*Asks:* 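One structure is given below, represented as structure tokens, and several questions about it will come after.
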2 protein chains.
Amino acid sequence: MVNGRTPSVKDVARSAGVSLGTVSNVMNRPEVVSPSTRERVERAMAELGFVRNESARQLRAGTSRTLAYVMLDGSNPFFHDVAQGIELAAEEADLSLFICNSNGRADREEVHLDRLMQQRVQGILITPVNPEAPHLAEISRRGIPVVIVDRVGVGGAFCSVAVDDVLGGRIAVEHLAEQGHTRVAVVGGPESIGQVRERLEGARQIWAELGLPPDDLIYLPTAALTVAEGRSAGERLAGIPARRRPTAAFCANDLLALGLLQQTIGAGLRVPEELAIVGFDDIEFAAAAAVPLTSVRQPRQELGRAAAQLVLDEATNPDHHHHQQPLFVPELVARASTVVRSRAY
Amino acid sequence: MVNGRTPSVKDVARSAGVSLGTVSNVMNRPEVVSPSTRERVERAMAELGFVRNESARQLRAGTSRTLAYVMLDGSNPFFHDVAQGIELAAEEADLSLFICNSNGRADREEVHLDRLMQQRVQGILITPVNPEAPHLAEISRRGIPVVIVDRVGVGGAFCSVAVDDVLGGRIAVEHLAEQGHTRVAVVGGPESIGQVRERLEGARQIWAELGLPPDDLIYLPTAALTVAEGRSAGERLAGIPARRRPTAAFCANDLLALGLLQQTIGAGLRVPEELAIVGFDDIEFAAAAAVPLTSVRQPRQELGRAAAQLVLDEATNPDHHHHQQPLFVPELVARASTVVRSRAY
DNA sequence: CACGCCGTATGAAACATTTCAACGATCGTT
DNA sequence: AACGATCGTTGAAATGTTTCATACGGCGTG
């Protein structure tokens, strides 16, 4: 602070009249140093404005104090809620959380993973572009714990934390069927996204089990899971002549559902009377839509928290840790977008 | 990779039959090493699965490769858009971005800043809980560039990037007045948040300048800038007898506006016929609301990008860098929530 | 009184990299 | 043939911590 250079332990030691090691002890095992010298050292630190150099600490100690989360889509609030859950767990373990965003691009994901390896982070949580990503296996083999979030890891090579997307699709469509709908649109895509595939799969399963004709479950593909794509699907839907038009739609996530809702209302359809809508994720804005959105709730924060706990377990006792893939159970939250006689929120 | 330990430059050097320094050169100034040995070293790296240890690099080189953004409210998409802008600029400069979230709590902010100092990040972008934060001055004095985002720094001690919130409040209310409204609610709070203070201030200014009676600009305070608080304000608003009820509301941000919109529609008011609504920020969900929301647009990404550029400038030539506080000009985006005869989106 | 023990403090080694002065070899020039 | 210059490579020093074996001094015990 005095002469430009940031002070080091050495400066503190000199100023407090003790040795290097003692200063380190004050920071890392205060109980072994006598109260009087401890106090002297602490005063010196404060005076000099000493700030521990984390790089040096990490280099020597070999252990980093950060977790990382590589998220799939920064514009989807769902992932931020997951991140929030992770952060809570990280905070409890006194770790920092590094948040990256692949935005669905495998190349961005790769450069982020690369950097995280160089940083020697203590563990990596990731919602991968492609859950078979060979990088991940490689990273895990190197001894860095990896847990997959919101997807089930393949072959039990990692821990993963997810909700049962197939089940989610089932309860969504079952709910619509219970409301008497017999012609339903399922909207989502691209099918390269595993979550989409499984949610739609669940929808088809229950539809078949209910004995409804396959042709009355109409697939409206989208190019992405965004509000804009939801609107575009809404246009197509509203364009169908009324007598053949589905009376309900199940969207693969809430962003799509919100876009669809906006578009169809704009086109003059009444929701839910003429078109019932179910989304997926139950993000905060689902409840806040002008016609509050029925949605399949994922325990978003809980997902993140559980994932963080798994990664920490693996990090702290790598020996007798065994991978697990807990599946959370999604839950339907019925709101005005599907239920005609709803009480106000 | 072979025997557990991750390989170091030393291992690579031995395996390639060159010296330590040469390996380093291959990584940092490939042009000085002859193609043949370079290729040999690179092959050795690949074979061993070498991953450079960033801590050691940083310790020796003295320079870190990361920026950090401490955001104010992780549940507000606005800040994520800002972060996205920062990330883009960081990517161009080949830096990583560390994102933290203070959630409006000064104590969380402080622990994050502390950690960032220990990491010796190259620069800190922050939307502070309190822009006078003495920590920030201290950090800046230590030589770590700090730029304040979405607030104007006090006393020119830092760079800052913000929009003119007062102006934003003015154009919002001016727009309402142009639509013929003469009794308007302004909703927002707490006033400890600078952005809120200034937006409301702008509203009052223009109201007075237009010669409208102060009592007809009704202040509805809220405890936070959230959807839930928006709903609660909506309840209060809807509870006012129709003849005394404001015909329009200006909300200090979009989350409030969305909550207000939902609540008042639920209570049976027609928007915009019986109640016009203007928000602030123009987050993506504003356009996607069932009644698309008129809002004061901030150049969200641009804000982040500009901030990142300032911090980088200060980091790269600290000597003849001079602080600046660019103010962006907000822009009204009129949508259906204020304009009766709107075309569909 | 000798001994061992306990609570503290010490100093050197180690961590993985970058940097830099120095060195040897090759080659063109005089 | 001697001399510089150029090019590529080397080895050692330095970065700021933590860790660990060791030293020291005082005290209770046998």
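Remember, predicted model here, so these are calculated numbers, not experimental data. We name chains A, B, ... by the order of the sequence lines, and we start the count at 1 in each one.
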*Asks:* Return the value, rounded to whole Å, for the distance between atom CG of B:Asn53 and atom P of D:dG16.
*Replies:*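 In whole Å, D:dG16 P and B:Asn53 CG are 16 Å from each other.
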
*Asks:* With a 4.0 Å cut-off on N to O distance, would you call B:Glu39 and B:Arg43 a salt bridge?
*Replies:*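 Yes, this pair counts.
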
*Asks:* Given atom CD of B:Glu54 and atom C1' of D:dT15, what is their separation to the nearest angstrom?
*Replies:*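 So the CD-C1' distance, B:Glu54 to D:dT15, works out to 14 Å.
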
*Asks:* Measuring to OP1 and OP2 of D:dT9, would you say a side-chain N or O of B:Thr22 lies under 4.0 angstrom away?
*Replies:*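 Checking D:dT9 against B:Thr22, no side-chain N or O comes under 4.0 Å of OP1 or OP2.
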
*Asks:* Are A:Gln195 and A:Asp150 close enough that a side-chain donor and a side-chain acceptor fall under 3.5 Å?
*Replies:*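 Checked: A:Gln195/A:Asp150 side chains pair up, N/O donor to acceptor below 3.5 Å.
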
*Asks:* Between C1' on C:dC15 and CZ on B:Arg52, what's the gap in Å once rounded to a whole number?
*Replies:*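 It is 17 Å, rounded to the nearest whole Å.
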
*Asks:* With DNA chain D as reference, determine whether B:Ala61 or B:Val18 sits nearer its 5' end, using the nearest nucleotide of each.
*Replies:*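 The residue closer to the strand's 5' end, by nearest nucleotide, is B:Val18.
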
*Asks:* Taking 4.0 angstrom as the limit, do A:Glu110 and A:Arg105 come out as a salt bridge?
*Replies:*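 Between A:Arg105 and A:Glu110 there is no salt bridge, as every charged N stays at least 4.0 Å from the carboxylate O atoms.
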
*Asks:* Looking only at side-chain atoms of B:Leu59, point me to the closest of D:dT15, D:dT17, C:dT17.
*Replies:*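 Between D:dT15, D:dT17, C:dT17, the one nearest the side chain of B:Leu59 would be D:dT15.
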
*Asks:* Side-chain N or O of B:Asn28 less than 4.0 angstrom from OP1 or OP2 on C:dT18?
*Replies:*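 Looking at the OP1 and OP2 atoms of C:dT18, one of them is under 4.0 Å from a side-chain N or O of B:Asn28.
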
*Asks:* Is A:Asp94 paired with B:Arg115 through a side-chain N to carboxylate O contact shorter than 4.0 Å?
*Replies:*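 Answer for the salt bridge query: yes.
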
*Asks:* Counting only side-chain nitrogens and oxygens, does B:Arg60 get under 4.0 Å of the OP1 or OP2 atom of D:dG16?
*Replies:*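 No, because none of the side-chain N or O atoms of B:Arg60 sits under 4.0 Å from OP1 or OP2 of D:dG16.
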
*Asks:* Picking from D:dG16, C:dT19, C:dA16, which would you name as closest to the side chain of B:Arg29?
*Replies:*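 Ranking D:dG16, C:dT19, C:dA16 by closest atom to the B:Arg29 side chain puts C:dT19 first.
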
*Asks:* Looking at the side chain of B:Asn25, which of D:dT15, D:dT18, D:dT9 is the nearest nucleotide?
*Replies:*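 Out of D:dT15, D:dT18, D:dT9, the nucleotide with an atom closest to B:Asn25's side chain is D:dT9.
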
*Asks:* What is the separation between atom CE on B:Met27 and atom C1' on D:dT9, rounded to the nearest whole Å?
*Replies:*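 After rounding, the gap between these two atoms is 16 Å.
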
*Asks:* Measure from CZ on A:Arg65 to C1' on D:dT17 and round the result to the nearest Å.
*Replies:*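 Between C1' of D:dT17 and CZ of A:Arg65: 14 Å.
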
*Asks:* Would you mind telling me which residue lines up with the more 5' stretch of DNA chain C, A:Leu20 or A:Glu31, judged by nearest nucleotide?
*Replies:*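 The residue mapped nearer the 5' terminus is A:Glu31.
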
*Asks:* What is the distance, to the nearest angstrom, from the CZ atom on A:Arg57 to the P atom on D:dT15?
*Replies:*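 Taking atom P of D:dT15 as the reference, CZ of A:Arg57 is at 21 Å.
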
*Asks:* Would you tell me if any nitrogen or oxygen in the side chain of B:Thr37 comes within less than 4.0 Å of OP1 or OP2 on D:dT9?
*Replies:*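 Looking at the OP1 and OP2 atoms of D:dT9, one of them is under 4.0 Å from a side-chain N or O of B:Thr37.
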
*Asks:* Where the side chain of A:Ser24 is concerned, which of C:dA9, C:dA16, D:dT19 is the nearest nucleotide?
*Replies:*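 Side chain of A:Ser24 sits closest to D:dT19.
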
*Asks:* Could you tell me whether a side-chain N or O of A:Asn317 sits under 3.5 Å from a main-chain N or O of A:Asp319, the two making a donor and an acceptor?
*Replies:*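 A pair under 3.5 Å: no.
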
*Asks:* Establish, yes or no, whether a centroid distance under 6.0 Å links the rings of A:His320 and A:His322.
*Replies:*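 That pair fails the under 6.0 Å test.
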
*Asks:* Atom NZ of A:Lys10 to atom P of D:dT15: distance rounded to whole Å?
*Replies:*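 The answer, rounded to whole Å, is 7 Å.
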
*Asks:* Does D:dT10 have OP1 or OP2 under 4.0 Å away from a side-chain N or O of B:Ser19?
*Replies:*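 Result: yes.
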
*Asks:* Select one nucleotide: of D:dT9, D:dT17, D:dT15, the one nearest the side-chain heavy atoms of A:Ala56.
*Replies:*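 Per side-chain heavy atoms of A:Ala56, the pick is D:dT17.
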
*Asks:* Distance check needed: D:dG8 C1' versus B:Glu39 CD, whole Å only.
*Replies:*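 Answer to the nearest Å: 17 Å.
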
*Asks:* Return whichever of B:Arg120 or B:Ser34 has its heavy-atom-nearest nucleotide of DNA chain D closer to the 5' end.
*Replies:*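 Residue closer to the 5' terminus by nearest nucleotide: B:Ser34.
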
